[in-house]
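Below is one structure; the comments refer to it alone.
In this chain, numbering begins with 1 at the start of the sequence shown. Scope of the values below: all heavy atoms of this structure, side chains included, with no hydrogens, waters or symmetry mates.
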Amino acid sequence: MSIDIMKLFESRSEKLSKGQKRIVEYLAENYDKAAYMTAFVLAKEVGVSESTVVRFAVEMGFEGYPKFQKALRQIIRNKLTSVQRMGITSTKMSESDVLKKVLLEDSEKLKQTVEEIDTEAFLAAVETIDKADTIYILGARSCFSIANFLGFYLNLIFPNVKVISSNSASETFEQIYRISENDVMIAISYPRYSRRTINAVKYAADKKSKIIAITDISTSPITENASHVLCARSDMSYFVDSLVAPLSIINALIVSLVMKRKDDVSKIFADMENIWDEYEVYEKYDK
């Protein structure tokens, strides 16, 4: 567990009741699971009353248990291993309610993103992409799927788009070697944050390139050198990363850029339709 949280517990230990000290002992060993437990479930696990758990959170200096739980999640979000994630998933749901549970939590992340997104940062990001000489798109590991999705559509709109596809650190730098101040890098990173993405962003910043960070929180390690930060929620603890909200942000970027270049894009798609028809790219299906 974070040493800062442990110091917080220690600094206030004299004021804690016996039941609250039992909570501290439990958290020291099971913080990864506790961060995703309700006050009622945590109380049951520790063997204390729910009100004891709530009072404990207040004693730690938080407005209530939800604020304490949120702080704990932020601390551990980049420390959860795959094994820990699987363990948490099994405590949060049964096999029978997986579908509805995941869909509801995804929709909640979308709702939170809509409420919290920085519209000015989004509009500025659209302008930056539109004016760039070359657009570099980087998303490692699970984030590569949505990076590739973004690259597919931007490649239809702009002449110079590069999706960084290598899993090798050395090859990543070979692909972004020529990035310059007239270019933009769109970096996508979610916990557990990829070191390769972080280092690539630092390199692009050294080259004075514009950087658009698509990530979960403003304190993400890729935001330090970013020109524009677009935060989209993805703090589910399942083994599979939830990328619904960041994908929606990406969809909005694509639509905004198409609207800015609608005349050019209309011509491009008219030409592409002719090519697709001539070379039978799509199956013609009539019911």
Can you tell me if CZ on Arg261 sees more than 12 non-hydrogen neighbours from other groups inside 6.0 Å?
yes
Who are the salt bridge (Lys or Arg N to Asp or Glu O under 4.0 Å) partners of Lys202, not counting sequence neighbours?
none
In short, Lys109 meets Ala245 closest at the heavy-atom pair O-CB, 4.2 Å
Any idea which heavy atoms bring Ser49 and Ser51 closest together, and the distance?
OG-OG, 3.0 Å
Side-chain heavy-atom pair Met272, Trp276 within 4.5 angstrom cut-off
yes
Would you say that more than 12 heavy atoms from the other residues, nucleotides or ligands in this model lie under 6.0 Å from the OH of Tyr153, or not?
no
Do Tyr65 and Val58 come within less than 4.5 Å of each other through their side chains, counting heavy atoms only?
no
Only one of Thr197, Ile188, Ile222 passes side chain to side chain contact (heavy atoms under 4.5 Å, CB included) with Thr215, and that residue is Ile222
Among residues at least two apart in sequence or on other chains, which ones pass salt bridge (Lys or Arg N to Asp or Glu O under 4.0 Å) with Lys260?
Glu127
Between Asp263 and Lys267, is there a salt bridge with N-O shorter than 4.0 Å?
no
Can you tell me how far apart NZ (Lys100) and CG (Leu103) are? Round to the nearest 0.5 Å.
10.0 Å
Joint hydrophobic cluster, Val255 plus Phe149, side-chain heavy atoms closer than 4.5 Å
no
Verify, without hydrogens or angle tests, whether Tyr203 (side chain) and Tyr177 (backbone) share a donor-acceptor contact under 3.5 angstrom.
yes
Could you check if a side-chain atom of Ile137 sits within less than 4.5 angstrom of a side-chain atom of Ile135, using non-hydrogen atoms only?
yes
To the nearest 0.5 Å, atom CD1 of Ile212 lies from atom CZ of Phe122 at 10.0 Å
Whether the side chain of Ser220 engages the backbone of Asp216 through a donor-acceptor N/O pair (distance < 3.5 Å, no angle test) should be reported.
no
Starting at NZ of Lys210, measure out to OH of Tyr136 and round the result to the nearest 0.5 Å.
14.0 Å
Determine whether Val53 and Val46 make a side-chain contact, defined as any pair of heavy atoms from C-beta on separated by less than 4.5 Å.
no
Report yes if some heavy atom in the side chain of Thr128 is under 4.5 Å from a heavy atom in the side chain of His228; otherwise report no.
yes
Begin with the C-alpha distance, continue with both residues' side-chain angles, and end with the deciding distance and a verdict on side chain to side chain donor-acceptor pair (under 3.5 Å) for Ser248 and Asn251.
CA-CA 5 Å; Ser248 287; Asn251 282 338; 5.0 Å; no
Do Met37 and Glu45 have side chains that approach each other closer than 4.5 Å (heavy atoms only, starting at C-beta)?
yes
Under a 3.5 Å distance rule, please check whether Asp271 uses its side chain to pair with a backbone N or O of Ile268 as donor and acceptor.
no
For Ser266 and Lys262, indicate whether the former's side chain and the latter's backbone hold a donor-acceptor pair under 3.5 Å.
yes
So Ile186 and Leu138, do their side chains get closer than 4.5 Å, heavy atoms only?
no
Got Gln175 and Ser165 here, is their nearest side-chain heavy-atom distance under 4.5 Å?
yes
Using a strict threshold of under 4.0 Å (side-chain N to carboxylate O), is an ion pair present between Glu116 and Arg233?
yes
Between Glu273 (side chain only) and Ala270 (backbone N and O only), is there a donor and an acceptor less than 3.5 Å apart?
no
Shared ILVMFWY cluster between Met259 and Ile129, side chains joined below 4.5 angstrom?
no
Donor-acceptor contact present, side-chain Thr52 to main-chain Gly19, <3.5 Å
no
Any chance CD of Glu63 has more than 12 other-residue heavy atoms, nucleotides or ligands included, within less than 6.0 Å?
no
Distance check, rounded to the nearest 0.5 Å: Asp130 atom CG versus Ser256 atom OG?
10.5 Å
Find out if a path of hydrophobic residues (ILVMFWY) with successive side-chain heavy-atom gaps under 4.5 Å connects Leu156 to Leu154.
yes
Honestly curious: do Phe158 and Ile214 fall in one hydrophobic cluster under the side-chain, below-4.5 Å linking rule?
yes
